[in-house]
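Notes follow once the structure below has been shown.
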Amino acid sequence: FATMWSELGRYFTDPRLRQLFGRYATYCGSSPHLAPATLMLVAHVEQDGVWRVDGGMHRVAQTLATLARQRGATLRFDAPVDEILSRDGKACGVRLAGGETLQADAIVFNGDVAALAAGHLGRAVLEAAAPVAPARRSLSALTWNLLAPTRGFPLSRHTVFFSHDSAAEFDDIFKRGNLPESPTVYVCAQDRADDDAPHGAPERLLLIVNAPATGDTRPFTPEELARCEAQTFRLMERCGLQVQRDPEHTLMTTPQDFARLFPATGGALYGQASHGWAASFSRPGARSRLPGLYLAGGSVHPGPGVPMAALSGRQAAASVLADRASARALRRPSTSPSPPAATPGGTSTP
């Protein structure tokens, strides 16, 4: 029942180690100062190894699509859904933005569940999942995708440059709803293994700074974004990393941008935050409150991240199959007829 930050204090006297292991709370979009100590298990799991996918993370989606087609699935992309339909208290199909209606025995929704209660999928599913209050949202992010040469610091594939004040960073985000004055910066050098470097050539970089999920309620001004950007690159320079940025090869993404991509989230990237010991138990499971509508993705159990979201998809599939089997069983007669048999007295019973 303790917070992750307080429990880490029992193990580490060096505040830098405490901050390092507290970083694992952000894996599910949470603050180590508010998340339960249970999340310390993430570091334990990583001791067994961390894996990456050959060809990039999008290969996971490509492989799933290939397997689905091989088994007879039809995949339709760029087909926005305006409404999930119901009939007789059960989900029965979807209406696309172009007006086309697709009938279905079961629907698996893998958007953020907040979109259901917010009305983005129609009135029939308003109560299919509990609403997510803005105060319960997880972290959003300010990100930069760059193609740029670097020098001065031995980057590995994953590098984290920490804020000098962890408490202030998360207070800015979760208490005040501001971009952090002193951000922690994660850098993914996508073209590197852990033991090589591109020797001054431009390389692909992804930079991430934690931010509040207020993209739909309090968009940040250009001045606020510029100040956070300056603090971000200043921190890396203080640590020795120099990035030669070219505006033509730099793309910044804000909480406002994520809010447009993921409606009703404010830009939250992990569903609801795991703050307090009971937070994990409030995530929806695979079955929604509307029969026939199933839930998957990072906003439902077991949680955010590619491995967890993949597990949620398996749980949704298992729930669909189990419910279909139960429905078939209910349609079958409760007793199986047997052939007539002779009995004493010259009568027969079925």
Side-chain angles (χ1 to χ4, degrees), residues 28-30 76-140 212-217 255-275 278-306 308-320 322-324:
C28 57
S30 305
R76 296 181 58 175
F77 303 106
D78 297 321
V81 173
D82 269 355
E83 185 177 4
I84 297 175
L85 307 173
S86 71
R87 184 173 54 247
D88 300 326
K90 183 180 184 297
C92 66
V94 298
R95 182 172 58 81
L96 303 183
E100 182 182 1
T101 297
L102 303 177
Q103 301 297 320
D105 296 322
I107 299 167
V108 179
F109 175 69
N110 75 328
D112 195 291
V113 293
L116 298 173
H120 289 284
L121 279 304
R123 298 184 60 83
V125 293
L126 283 174
E127 299 182 0
V132 178
R136 294 168 56 202
R137 290 171 175 171
S138 60
L139 290 168
S140 185
T214 58
D216 56 351
T217 58
Q256 296 98 292
D257 298 320
F258 288 121
R260 285 190 290 269
L261 287 169
F262 312 118
T265 67
L269 300 176
Y270 312 84
Q272 57 181 295
S274 296
H275 290 164
S280 295
F281 301 100
S282 64
R283 283 184 175 268
R287 292 178 176 87
S288 78
R289 297 173 181 173
L290 179 67
L293 176 61
Y294 301 84
L295 307 175
S299 66
V300 303
H301 181 76
V306 171
M308 307 285 263
L311 287 174
S312 79
R314 294 181 66 177
Q315 292 178 354
S319 298
V320 171
D323 290 350
R324 288 171 67 89

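Counting only heavy atoms from C-beta outward, the side chains of T265 and F258 never approach each other to under 4.5 Å. Looking only at side-chain heavy atoms (C-beta outward), E100 and L102 come within less than 4.5 Å of each other. Contact check for L96 versus V81: side-chain heavy atoms found under the 4.5 Å cut-off. In this structure, Y294 and D323 have side chains that are in contact, with non-hydrogen atoms separated by less than 4.5 Å. The side-chain heavy atoms of S312 and P302, taken from C-beta on, include a pair separated by under 4.5 Å.
Across all non-hydrogen atoms, the minimal contact from S140 to G267 is OG-O, 2.8 Å. Nearest heavy atom pair, residue A309 against residue G297, reads CB-C, 4.2 Å. Taking every heavy atom of both residues into account, A296 and A316 meet most closely at CB-CB, 4.2 Å. Shown here for P304 and M308, the closest heavy-atom pair between the two residues is O-CG, 3.3 Å. Shortest non-hydrogen contact noted between G119 and L126 is CA-CD2, 3.5 Å.
Between the S138 side chain and the G29 main chain, no donor and acceptor come within less than 3.5 Å of each other. A donor-acceptor pair under 3.5 Å is absent between the side-chain atoms of R137 and the main chain of T214, judged by distance alone. Looking only at distances, no side-chain donor or acceptor of S274 sits under 3.5 Å from a matching main-chain atom of S30. Remark: the backbone N or O of A106 is not paired with any side-chain donor or acceptor of K90 at under 3.5 angstrom. Side chain of S299 to backbone of V113: a donor-acceptor contact under 3.5 angstrom is found. Here the side chain of R260 pairs no donor or acceptor atom with the backbone of G215 at under 3.5 angstrom.
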From CA spacing to verdict: side-chain contact (heavy atoms from CB on, under 4.5 Å), L290, L116: CA-CA 11 Å; L290 179 67; L116 298 173; over 6 Å; no
Worked verdict on S282 versus R136 for side-chain contact (heavy atoms from CB on, under 4.5 Å): CA-CA 11 Å; S282 64; R136 294 168 56 202; 3.9 Å; yes
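Distance check: L85 CG to L293 CG gives 11.5 Å after rounding to the nearest 0.5 Å. We find the CG-NE2 distance between L295 and H301 to be 12.5 Å, quoted to the nearest 0.5 Å. Taking CD1 from I84 and NE2 from H120, the interatomic distance works out to 12.5 Å, rounded to the nearest 0.5 Å. Atom CG of L261 and atom CD of Q256 lie 12.0 Å apart (nearest 0.5 Å). Taken to the nearest 0.5 Å, the CZ atom of R287 stands 10.0 Å off from the CD atom of Q315. Rounding to the nearest 0.5 angstrom, the gap separating the CZ atom in R314 from the OG atom in S319 is 12.5 Å.
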